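When a residue number appears, it is its place in the shown sequence, counting from 1. All figures in this text were calculated on a predicted structure; none of them were measured in a lab.
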Amino acid sequence: MNESKTVDHPESGGVGTEPPTSVSGKRTDGAMEAGIVTEFLDAGIPPDSRRQRLDTFEDRHSFSLWGFLKSVVGRDLTRVTMPIHFNEPLSFTQRIVEDLEYAYILNDAAECVDSLDCLARIAAFASSPYGSALDRHYKPFNPVLGETYDAIRPEEGYCVVVEQVCHHPPVTALHCIGRKWELWQEYKLETRFRGNYIRVIPTGVVHLSMGKHRYSWNKPQTTIHNIMIGRLWLEHEGEVLVQNHTAGESALVLFQSYKSIGQKFKRLKGSVKDAAGTEQIILQGNWQEGMTCHRVGLEDQAQTLWKSFPKPANASRYGYTKLAIQLNQYPPAIPDEQLCRTDSRLRPDERLYEQGRENEAGQEKSRLEDKQRSAKKQRDQQGVTWQPRWFYPQTDPDTNTTSHVYKGGYWAAKKSKQFEDSPDIF
């Protein structure tokens, strides 16, 4: 038996390793990386450089939906090759960035003096991504192993990088640096098709560092109904527990199911508790519309924590938000921006599909899938283990969970336009 090896990308590391080195060979410094991000944010972008609409094309396929769905009942959909007609022209490495649609809530939280007020806003942020899923009836492209995406958003005050770190099971890692906060998550999921509905159960954890405080939270599960018969609709269900590991405080937000409360299933309710476990703030809202809060006993002094943005009039047949319309923009809005060659915006099947060249996109999708399978077969024959380029697994001391965290070095490489060592995946 061959001895196991690794693909030795620069900065690769294992659980609990020391911080890796940058592409220049020097030790990656968090303060230096944050300084580079600040430079990107301070530079801003030219006025009106973000696209405001996406031209979409009529769905012309004659594919038998019934026949396909009946063939995958009960199967793990992450292992099923889906027809391209089911896709929207975004990769999941881009779609996950939509979790940051309401990043301004974190900016507001960072300005709070009271830790419980801050926690209430973080709970609102944790509840905010789900309204955008309404009318999103198409699935994103499955990322190729090693596929990346980044976004520089001076308007909202953050830079984010994403990488597909595992193919089976699919695992996506995200790291975001804001001006006064840092957020990271590993997104894993379990998914099953049960005849007329699909249930998606996220299993990863979201982490946030803000000042001296460290937070984490889970995500609710999502069920998409009437896949085969009737009008598509979805619900989110479960408890989202937001913990302040530094202060010992917590917030709980309950996403309620249609089965439990009927037509009011979009309502949110929850509370913020101090370190002694006493309720101090009441949370109320609707995952489609927004959230308010008030101190216990002060119902007449409610504050709005977040309010959903209206969908643009030109949301396209994909039901995109304003942010979603801009995620796959190419050329990028920032002049002379250097893209890593693994960036989703350079993925040929997705680009052709966005342009309405459906048959060519399908052919490219098949080619990429074949290339990925061939690369895996070659690694297996050589006894080589894939190692992500920008993330490595590490156990979090607060949650005692292991996930892929950012190594550092990406933004330095972007500034110097040195992505030559990135793998050829497209």
Side-chain angles (χ1 to χ4, degrees), residues 6-15 17 19-23 28 30 33 36-37 40 78 90-100 140-153 158-177 182-189 202-207 327-328 332 337-347 350 368 371-372 375-376 379 384-394 396 401-415 417-426:
T6 61
V7 178
D8 190 20
H9 291 310
E11 303 186 81
S12 63
V15 176
T17 58
T21 56
S22 69
V23 290
T28 298
E33 187 98 325
I36 294 172
V37 166
F40 282 133
T78 64
L90 285 177
S91 174
F92 188 75
T93 50
Q94 297 165 304
R95 180 76 177 263
I96 195 174
V97 174
E98 293 185 53
D99 280 9
L100 298 164
F141 280 75
N142 292 334
V144 176
L145 182 62
E147 184 174 336
T148 62
Y149 179 72
D150 75 55
I152 299 172
R153 304 288 302 187
Y158 68 80
C159 290
V160 59
V161 59
V162 184
E163 182 177 8
Q164 189 71 9
V165 296
C166 184
H167 185 59
H168 283 310
V171 181
T172 310
L174 174 149
H175 184 265
C176 183
I177 301 176
E182 193 170 350
L183 179 146
W184 62 100
Q185 67 167 301
E186 179 182 273
Y187 189 88
K188 297 183 290 187
L189 58 85
T203 58
V205 178
V206 185
H207 301 268
L327 289 175
N328 200 41
E337 179 179 358
Q338 176 70 37
L339 298 186
C340 181
R341 67 173 177 172
T342 55
D343 193 285
S344 302
R345 285 164 287 187
L346 302 178
R347 182 170 169 162
E350 182 183 325
L368 288 180
K371 181 173 183 175
Q372 182 167 232
K376 183 182 185 305
R379 289 195 301 271
V384 170
T385 301
W386 173 270
Q387 293 291 327
R389 176 65 181 82
W390 303 107
F391 291 80
Y392 72 114
Q394 187 178 66
D396 180 77
T401 57
T402 299
S403 62
H404 284 81
V405 298
Y406 180 53
K407 297 174 181 179
Y410 182 88
W411 298 109
K414 186 152 181 105
K415 179 181 179 181
K417 301 184 179 181
Q418 294 181 0
F419 285 120
E420 292 85 355
D421 57 338
S422 295
D424 175 15
I425 61 173
F426 299 145

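- Although no hydrogens or angles enter the test, the distance criterion places a donor-acceptor pair under 3.5 Å between the side chain of Glu33 and the main chain of Gly409.
- From Lys407, atom NZ reaches atom CD of Glu163 across 7.0 Å, with rounding to the nearest 0.5 Å.
- Taking the side chain as every heavy atom from C-beta outward, Asp424 and Lys371 approach each other to under 4.5 Å.
- Taking all atoms of both residues into account, the shortest heavy-atom contact from Trp386 to Val165 is CD1-O, 4.2 Å.
- Residues His167 and Pro143 share a closest heavy-atom pair of ND1-O, 4.0 Å.
- The ring pair (Phe, Tyr, Trp, His ring centres under 6.0 Å) search around His175 returns Tyr406, not counting sequence neighbours.
- Between Glu186 atom CD and Thr203 atom OG1 the span is 8.0 Å, to the nearest 0.5 Å.
- Judged purely by distance below 3.5 Å, without hydrogens or angles, the side chains of Gln164 and Thr172 pair a donor atom with an acceptor atom.
- There is a side-chain donor-acceptor pair under 3.5 Å between Thr93 and Ser344.
- Taken from CZ in Arg345 to CD in Glu350, the straight-line distance is 10.5 Å, to the nearest 0.5 Å.
- A donor-acceptor pair is defined here as one N or O able to donate and one able to accept, closer than 3.5 Å; no such pair exists between the side chain of Tyr158 and the backbone of Leu183.
- Rounding to the nearest 0.5 Å places CZ of Phe92 at 9.5 Å from CD of Glu98.
- Annotation: side chain of Arg389 is not in contact with side chain of Thr342 (no heavy-atom distance under 4.5 Å).
- In this structure, CG on Leu174 lies 6.5 Å from CZ on Phe391, to the nearest 0.5 angstrom.
- Under a 3.5 Å cut-off, the side chain of Arg341 and the backbone N or O of Ser422 do form a donor-acceptor pair.
- For the pair Leu100 and Cys176, the minimum side-chain heavy-atom distance is below 4.5 Å.
- Residues meeting the side-chain contact (heavy atoms from CB on, under 4.5 Å) test with Lys414, sequence neighbours left out: Phe40, Asp150, Ile152, Glu337, Leu339, Tyr410, Trp411, Phe419.
- Here Phe141 pairs with Tyr353 under the ring pair (Phe, Tyr, Trp, His ring centres under 6.0 Å) rule; sequence neighbours left out.
- Between the side chains of Gln394 and Tyr392, a donor-acceptor pair is found at a separation under 3.5 Å.
- Put simply, the side chain of Asp99 does not reach to within 4.5 Å of the side chain of Tyr187, judged on heavy atoms.
- A donor-acceptor contact shorter than 3.5 Å links the side chain of Gln372 to the backbone of Leu145.
- His207 has its side chain out of reach of Val405: every pair of non-hydrogen atoms, C-beta onward, lies at least 4.5 Å apart.
- Rounded to the nearest 0.5 angstrom, Glu147 CD and Ile425 CD1 are separated by 5.5 Å.
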